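Structure first, then comments.
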Amino acid sequence: MDFLEGNLELRERQRLEGHTDRVWSLAWNPATGVCGIPAMLASCSGDKTVRIWQQGPSGSWDCSAVLEDNHTRTVRSCAWSPSGKLLATASFDATTAIWECVGGDFECVATLEGHENEVKSVSWDASGSLLATCGRDKTVWIWEMQPGNEFECVSVLQGHTQDVKMVQWHPFMEVLVSVSYDNSVKIWAEDGDSDDWHCVQTLNEASSGHTSTVWAVSFNSNGDRMATCSDDLTLKIWDTSAKASETSGSSCGSWVTQYSFYLDLFCDARDKRRHLCTISGYHDRTIFSVNWSRDGVIASGAADDAIRLFFESKDNSVDVPSYKLLLKKEKAHDMDVKLSAMESKGT
Amino acid sequence: MEPKASDTDDFLESTVLLDEAQYEEGFKDGYNDGLGLGKEEGREVGLKLGFQVGEELGFYRGCVDVWSSAIRVDPGAFSARLRKSIEQLGELVDKYPLSEPENEQVQEMMNTMRLKFRVISAMLGVRLEYEGYPKSSETDVVDF
């Protein structure tokens with residue numbers, strides 16, 4: 001599909017109603033929607049519950065489960081494990097709950113405590129064995145899943161000087177990205193295998209980064225690009241590909257190829273990411289969410305209730321990629337529009 | 001060679017330099033008073049800070065000792081990662097330079113210990129604190 005040709009339209013397929021307070025986030029179950037398995041979606045809300053929606057044979061969506069009586073405050077974020085068997089829900093009540101799907105019913109199998117206050121985001125790594133959470137207490141926590149659905153705290157990462165809004169793992173490398181109210185994006189990696197996690201790079205104003213709160217981050221499916229969105233009204237695209245560094249005298253001998261699964265050399269993770277381009281002039285209100293679809297479309301959700309879609313334009317003569325606005329859907333929702341895989345949600 | 005001051009100059013000198021002499025005497029008095037007061041205040045601040053540091057270190061030492069005893073009784077009840085973390089916290093407490101309050105690294109060492117303690121607390125699933133335990137965040141407005 002060539003997105004740059006012709007008129008594109010974003011049409012609302014169905015409005016999912018049920019939550020009694022604002023919906024903060026949603027997540028598609030990665031093990032569904034393929035091979036005849038009906039697509040499954042989880043949404044989390046200020047009403048302290050998480051709702052599971054499934055697409056029926058007629059194509060319409062129904063609420064198949066409500067995860068309630070667990071969190072005592074807003075559920076801010078949710079994420080499915082890569083296998084689709086577990087759902088992590090992060091809440092303002094400072095806990096993260098892990099739910100297991102057992103024959104259509106969801107059971108809370110673990111509760112991760114440790115954050116001092118509101119947890120803002122949760123993310124599973126590609127292997128499904130590591131979980132990252134972040135919150136208003138300025139820390140990022142890394143947890144490792146043990147046999148029997150037990151979770152052990154691996155590390156608490158300090159570095160951000162303000163509320164951390166979102167964490168996201170690289171699609172296949174064990175590298176974690178966090179974004180914060182302190183305007184910076186931090187990259188975290190492990191030193192060898194010793195549970196010693198460090199901030200290997202900080203993308204701030206000096207590195208052509210954002211000049212206000214960074215709200216979200218999204219990798220493309222290849223993992224060689226990353227998009228961040230901010231209160232400074234811009235989207236920034238970063239090059240996150242694993243390629244040889246220009247600096248000579250580096251002690252790192254061999255370089256890990258882009259498609260390798262484990263980042264063995266600690267120094268490979270350092271200073272790898274650089275600013276590629278800034279998409280500005282399209283938003284006049286805070287951009288709360290950004291999502292990069294499998295087909296390469298970047299969707300943004302902003303405080304002006306609109307969803308905008310961007311795609312990389314190929315017809316440019318400069319080395320740096322540039323992005324074109326494909327369409328803008330006004331009045332799509334109330335604030336905090338969050339998109340995943342080309343479908344959207346709101347309040 | 002300059003001529004020495006004669007006697008006629010000396011008796012006038014003390015009158016002429018009177019206010020300067022008075023100033024110097026006043027300054028000396030004030031300085032000495034200040035030395036005394038400052039030392040007293042410094043002592044109070046030092047005692048207070050020293051107590052806080054000692055209290056926190058002692059708290060970690062106590063926790064590590066209890067946990068280490070529990071590990072000796074039943075090592076299997078604790079995961080390898082947990083045992084290692086408790087050991088590391090114990091080492092950090094030992095390494096803290098108690099007699100070097102002006103060592104620049106003490107703040108960082110304290111932060112490392114607090115972080116390690118939080119990780120262990122999370123792993124054990126306990127919430128241990130004492131009155132006056134330093135918290136990293138202040139209560140403020142809830143945002144998005």
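Source: prediction; values computed, not measured. A, B, ... follow the sequence lines: proteins, then strands. Residue 1 opens every chain.
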### Query
Just by modelled atom types, is the A/Gly114 backbone N or O under 3.5 Å from a matching donor or acceptor in the B/Arg118 side chain?
yes
### Considering all heavy atoms, the nearest B/Val119-A/Cys153 contact
CG1-SG, 3.7 Å
### Message
If we define contacts as heavy-atom pairs under 4.5 Å, which of B/Ser121, B/Gly125, B/Ser79 has the most with chain A?
### Response
B/Ser79
### Message
If I measure from the heavy atoms of chain A, does B/Lys84 come under 4.5 Å with its side chain, its backbone, both, or neither?
### Response
side chain
### Query
Does the pair A/Glu113/B/Arg127 count as a salt bridge with the N-to-O cut at 4.0 Å?
no
### Message
Quick check on A/Glu150: does its CD atom have over 12 non-hydrogen neighbours (other residues, nucleotides or ligands) under 6.0 Å away?
### Response
no
### Query
Can you check whether A/Gln158 reaches B/Arg114 side chain to side chain, under 4.5 Å on heavy atoms?
no
#### Entry: OH (B/Tyr130) with more than 12 external heavy atoms under 6.0 Å
yes
### Task
Might you confirm whether atom CD of B/Gln105 has over 12 heavy atoms from other residues, nucleotides or ligands at distances under 6.0 Å?
no
